[in-house]
Amino acid sequence: MEIHEYQAKQILKDFGVNVPLGGLAYSPEQAVYRANEIGGERWVVKAQIHSGARGKAGGIKFCTNTQQVWDSAESLLGRNLVTNQTGPDGKPVYRLYVEPATDIVRELYFGLVLDRSQECIVAVGSQYGGMDIEEVSEMHPDSLVKITVEPAVGMQAFQARQLAFRLGLKGNLVRSAVNVFLRAYRSFRDLDATMLEINPLTVTSSGEVIALDAKMSFDDNALFRRSNISEFRDKSQEDAREMEAADRGLSYVGLDGNIGCIINGAGLAMATMDIIKLKGGEPANFLDIGGGASPERVAKAFRLVLSDARVEAILVNIFAGINRCDWVAEGVIQAVRKFKPQIPVIVRLSGTNVEQGQELIRNSSLGIISTNTLDAAAYAAVDSIKKS
């Protein structure tokens, strides 16, 4: 789960990290009020979406008077902001964050990420802040500093100092940066985060080290014990199909193809998508309905897949271990009768009560295509689209 910049900054502030004063706005009037409340003569109006690279896409506006604050808010609110991370449709801007403009001397990069291959947290730093980390690694690979944090003991002060020194900081700036690194790590660890990025981490003309931007994401599986974090979820920033699936206990990821997939088990789903591509097709989604593939869950999955207008065929691939093929077949039949899809439906069943399930499909008189193997099912799905 991702959260907005202003939410990440509030978390960091609660853990003692130095962040700029700022205020949330939902209208141009409120943006001007926030600017006056902050005071000063220069402000920054930031679109709040779940994406980086907002500045390059025009989502961050620098203003020198309140009229510019108004105009910037007016131009951002309600539009879809397209960045190199959002895809062509972009993400809607429903809220803004207003901050005072900062006198920047240096921009640095600092991030924490969960490295699953090493089963530890890795701290990453660079002297080139303000750029996407992908650009930094490509253009300035030697600038990247990586420090592995031992989970049993956490980030140590000497590691934070080492990182600060390697970022070229000296004197009191080292002490300030170490404070940021250690406190940011604690927020990452204590709240079950999977990624934390401060970019840029700035050195100001007044000699402060400030988190000028922040991005965090969290482990969905740990949200049950982090109610304060789960309340930060903004469903307007997430794929509507994925949210509908999650709310109904299904695992769904939308893709760009035209063959809808309804499968039980993540591994089987990945294998099915591979076979579809091998046969020359493109999967429209990853959809795992789980081990308990009851008729009701199958019907929910059908409705979800059919909500994608690009889907031209549906492939159901179920291996029944915990559940039963005849239950799944009943669910498929109920769904086809209810939703009356005008596209081919291909079903491959295997496992417990497979003969009964296949017989139910054959006797349904609904034109459902039944196959015995995944290879045949994938071929039938691809071939049915070519013939249509």
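- Residues Arg54 and Asp213 are paired through a salt bridge, judged by an N-O separation under 4.0 Å between the basic side chain and the carboxylate.
- Note on Arg226 versus Asp219: no salt bridge recorded, every NZ/NE/NH1/NH2 to OD/OE distance being 4.0 Å or above.
- If you take CD1 on Ile60 and CG on Leu96, they are separated by 11.5 Å, rounding to the nearest 0.5 Å.
- Here the CG atom belonging to Asn264 is positioned 5.5 Å from the CD1 atom belonging to Ile289, to the nearest 0.5 angstrom.
- Applying the side chain to side chain donor-acceptor pair (under 3.5 Å) test to Asn172 and every residue at least two apart in sequence or in another chain returns Arg175.
- Using a cut-off of 4.0 Å between Lys/Arg side-chain N and Asp/Glu carboxylate O, Lys46 and Glu5 are scored as salt-bridged.
- Using a 4.5 Å heavy-atom threshold, the side chains of Trp43 and Arg34 count as separate.
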Check: Taking it one step at a time, do Lys9 and Glu99 satisfy salt bridge (Lys or Arg N to Asp or Glu O under 4.0 Å)?
Finding: CA-CA 12 Å; Lys9 283 182 172 177; Glu99 290 181 337; 2.3 Å; yes
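- Side-chain heavy-atom separations under 4.5 angstrom define the hydrophobic clusters, and the remaining members of the one that includes Leu268 are Ile263, Phe319.
- A side-chain N or O of Asn317 and one of Arg348 form a donor-acceptor pair less than 3.5 Å apart.
- Separation of the Tyr26 and Tyr94 ring centroids does not fall under the 6.0 Å cut-off.
- Looking at Asp383 and Lys279, no side-chain N of the basic residue comes within less than 4.0 Å of a carboxylate O on the acidic one, giving no salt bridge.
- A single hydrophobic cluster is not seen to contain both Val113 and Phe188; linkage of ILVMFWY side chains at heavy-atom distances under 4.5 Å, directly or through other members, places them apart.
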Margin query: Evaluate Leu223 against Arg233 for side-chain contact (heavy atoms from CB on, under 4.5 Å), listing each step before the verdict.
Written below: CA-CA 10 Å; Leu223 291 179; Arg233 173 162 251 153; 4.1 Å; yes
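- The closest side-chain heavy-atom distance from Lys215 to Glu2 is below 4.5 Å.
- Side-chain contact check for Ser51 and Thr86: no donor-acceptor pair (N or O, by modelled atom type) lies under 3.5 Å.
- With respect to the salt-bridge test (charged N to carboxylate O, under 4.0 angstrom), the residues Arg183 and Asp190 do not qualify.
- Evaluation of the side-chain hydrogen bond (donor to acceptor under 3.5 Å, both in side chains) test over residues 363-373, restricted to residues two or more places apart or in two chains, returns Gln358-Asn372.
- To the nearest 0.5 Å, the span separating CD on Glu231 from CD on Gln7 amounts to 10.5 Å.
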